Amino acid sequence: MDKNQSRRQVRLMRQSLFDQGFLDEQFIQLEELQDDSNPNFVEEIATSYYRDSYRSLQAIELALEKTPRDFSKLDSYMHQFKGSSSSIGAKKVKAECQQFREYCNAGNGEGCMRTFQALKKEHATLKKRLEAYFQMARQAGPIEAACRPK
């Protein structure tokens, strides 16, 4: 596959992440901060997010296992996780965080458990999709500056 074809595939893969609702505008803002002096900036930010997020998810999971549940603490943990997820543009993850917080505010433990499982699934799916995207982007080489999805 030639470079132009590889770059086209990278653009299509990136666009699909927006079209399928995995990413939002914040991801584009991160891309706009990437330049020749730090060509892997977005990938480094995403890697850092995933490294840190596993600790956060673990803390939430442990808090969910405690009885009685401390919904205030769970909401606080999820508020922090939602902020981290927002910072990389993880749209579906952020939506699950918001749903979890609503269940916390209602004192709905079962809703929290269900939503947490969905959140972990969205988190893992986005990680796989971003890893594939970054790998393909590295192989294709530099592309033009970030652009808004269609």
Side-chain angles (χ1 to χ4, degrees), residues 1-65 74-106 108 110-150:
M1 184 180 324
D2 72 3
K3 284 284 186 199
N4 287 335
Q5 193 173 15
S6 294
R7 289 179 180 144
R8 182 175 183 279
Q9 279 195 304
V10 169
R11 283 192 299 274
L12 290 173
M13 180 182 274
R14 178 186 175 277
Q15 185 64 44
S16 76
L17 290 168
F18 288 94
D19 293 345
Q20 295 170 19
F22 288 105
L23 296 174
D24 66 18
E25 184 78 14
Q26 181 60 35
F27 189 82
I28 296 168
Q29 291 178 11
L30 286 176
E31 288 179 322
E32 290 170 347
L33 296 173
Q34 185 166 285
D35 59 21
D36 292 339
S37 68
N38 194 355
N40 299 320
F41 176 74
V42 178
E43 184 174 4
E44 290 168 9
I45 295 294
T47 299
S48 177
Y49 162 76
Y50 275 98
R51 185 178 49 248
D52 295 344
S53 66
Y54 283 117
R55 286 189 288 272
S56 297
L57 290 174
Q58 227 173 10
I60 295 166
E61 193 149 22
L62 289 172
L64 278 170
E65 291 170 1
L74 283 165
D75 184 59
S76 178
Y77 286 154
M78 192 55 73
H79 177 72
Q80 183 178 1
F81 186 73
K82 180 182 173 193
S84 298
S85 300
S86 295
S87 73
I88 68 156
K91 186 176 181 179
K92 287 185 177 184
V93 173
K94 186 172 68 171
E96 293 296 341
C97 291
Q98 184 57 41
Q99 183 64 56
F100 184 96
R101 294 190 71 206
E102 288 171 18
Y103 283 130
C104 281
N105 291 330
N108 183 339
E110 190 56 42
C112 286
M113 292 295 284
R114 264 194 327 273
T115 305
F116 186 64
Q117 295 308 313
L119 181 148
K120 289 194 308 185
K121 181 180 176 199
E122 290 298 343
H123 182 262
T125 300
L126 179 60
K127 182 176 192 275
K128 274 192 231 168
R129 297 285 305 268
L130 284 175
E131 285 173 344
Y133 167 71
F134 290 133
Q135 180 180 2
M136 186 179 283
R138 279 192 311 272
Q139 291 170 350
I143 312 179
E144 66 276 357
C147 58
R148 305 276 178 231
K150 295 175 183 136

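Treat the numbers as computed from the prediction; the structure is a model and nothing was measured.
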Is the backbone N or O of [Y] less than 3.5 Å from a side-chain atom of [X], with the two atoms forming a donor-acceptor pair by type?
X: T125; Y: E122; result: no
X: Y49; Y: I88; result: no
X: Q34; Y: V42; result: yes
X: D36; Y: P39; result: no
X: S48; Y: I45; result: no
X: N105; Y: R101; result: yes

Within the 4.5 Å heavy-atom criterion, are [X] and [Y] side-chain neighbours or not?
X: I60; Y: F100; value: yes
X: Y133; Y: R129; value: no
X: L119; Y: L57; value: yes
X: E25; Y: I28; value: yes

Before accepting this row, confirm whether a basic side-chain N of the pair E96/K92 lies closer than 4.0 Å to the acidic partner's carboxylate O.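 Looking at E96 and K92, the cut-off is not met.
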Starting from the C-alpha separation in whole Å, work towards a yes-or-no answer on side chain to side chain contact (heavy atoms under 4.5 Å, CB included) for Y50 and L130. CA-CA 11 Å; Y50 275 98; L130 284 175; 4.3 Å; yes
Any side-chain donor-acceptor pair under 3.5 Å between E44 and N40?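 No pair is found: no donor N or O on one side chain lies under 3.5 Å from an acceptor on the other.
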Shortest non-hydrogen contact from V93 to S85?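 Closest pair (atom of V93, atom of S85, distance): CG1-OG, 3.4 Å.
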Nearest heavy-atom contact between Y77 and A63 is CE1-CB, 3.9 Å
Find the distance between [atom1] ([X]) and [atom2] ([Y]) and round it off to the nearest 0.5 Å.
X: T115; Y: M113; atom1: OG1; atom2: CE; result: 10.5 Å
X: K82; Y: D75; atom1: NZ; atom2: CG; result: 9.5 Å
X: N38; Y: L33; atom1: CG; atom2: CG; result: 10.0 Å
X: L64; Y: C104; atom1: CG; atom2: SG; result: 7.5 Å
X: S86; Y: K94; atom1: OG; atom2: NZ; result: 4.5 Å
X: E102; Y: C97; atom1: CD; atom2: SG; result: 11.5 Å

So does [X] have more than 12 non-hydrogen atoms from other groups sitting under 6.0 Å from [atom1]?
X: R8; atom1: CZ; answer: no
X: Q80; atom1: CD; answer: no
X: Q58; atom1: CD; answer: no

Criterion ring-ring contact (aromatic ring centres under 6.0 Å, His included) on H123 and Y54, from CA distance to verdict: CA-CA 10 Å; H123 182 262; Y54 283 117; 5.4 Å; yes
Test side chain to side chain contact (heavy atoms under 4.5 Å, CB included) on F27 and F18; report intermediate values, then the result. CA-CA 9 Å; F27 189 82; F18 288 94; 3.9 Å; yes
